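This one's a predicted model, so the numbers in the text were calculated from it and none came from an experiment. Below, all heavy atoms of this structure are taken into account, side chains as well, without hydrogens, waters or symmetry copies.
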Amino acid sequence: MNIPVPPSSSLHQFPAQQVSFHRTELSVILSLYGRFVAAGEWRDYGISCLRDVAIFSVFRRTAETPMYRIEKRPRLRDKQGMYAVVGMDGRILRRGHDLTSVLRVLERKLIRAVE
């Protein structure tokens, strides 16, 4: 009885690992997103889980480019911090090790004077 054996190169191939947000990270991000939606500033979001980075993009309208991107890059964990908030023009507004402290740069934009 002959049983075909697959080539050795394909025996140990696993799908490429993706970077993604953890449930606790998403709850912090979605809490902030909900407050901006309630204020009428943001309307849509998108999540991208890539090989090196996970991105939470925030849109004012669906057809536009993202206003802000919240990025998670685990490779920068030991250097500058794996969380970053990137503006529409590509500038890094804040980078750090703690997600809540990085998101404070966006919370400041939510505070307005009431007349």
List the residues meeting side chain to side chain donor-acceptor pair (under 3.5 Å) with [X], not counting sequence neighbours, and say none if there are none.
X    : answer
T100 : D98
H22  : T24
R91  : D89

Q) Can you name the ring pair (Phe, Tyr, Trp, His ring centres under 6.0 Å) partners of F56, sequence neighbours left out? A) Y45
Q | Sequence-distant partners of F21, ring pair (Phe, Tyr, Trp, His ring centres under 6.0 Å), two or more places apart | A | none
Q: Side-chain contact test, heavy atoms from C-beta onward, threshold under 4.5 Å: evaluate it for I29 versus L99 and give yes or no.
A: yes
Q) So do the side chains of L26 and I47 get within less than 4.5 Å of each other, counting heavy atoms only? A) yes
Q: Apply side chain to side chain contact (heavy atoms under 4.5 Å, CB included) to R104 and list each qualifying residue two or more places apart in sequence or on a separate chain.
A: R94, S101, E107
Q: Could you state whether V105 and M67 fall into the same hydrophobic cluster, counting links through intermediate Ile, Leu, Val, Met, Phe, Trp or Tyr residues with side-chain heavy atoms under 4.5 angstrom apart?
A: yes
Q: Can you measure from CG (L50) to CD1 (I55) and round to the nearest 0.5 angstrom?
A: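 Rounded to the nearest 0.5 Å, the CG-CD1 separation comes to 5.5 Å.
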List the atom pairs, donor and acceptor, that lie under 3.5 Å between side-chain atoms in residues 74-88 and the rest of the protein, sequence neighbours left out.
{"residue": "Q80", "atom": "OE1", "partner": "R95", "partner atom": "NE", "Å": "3.4"}
{"residue": "Y83", "atom": "OH", "partner": "E25", "partner atom": "OE2", "Å": "2.3"}

For a quick test of reading the model, state the closest non-hydrogen atom pair linking [X] to [Y] and the distance between them.
X   : Y    : result
R69 : S57  : CG-OG, 3.9 Å
G96 : V102 : N-CG2, 3.5 Å
V53 : E71  : CG2-CB, 4.1 Å

Q. Just one of F59, W42, Y68 clears the ring-ring contact (aromatic ring centres under 6.0 Å, His included) bar with F36, so which one?
A.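 The passing option is W42.
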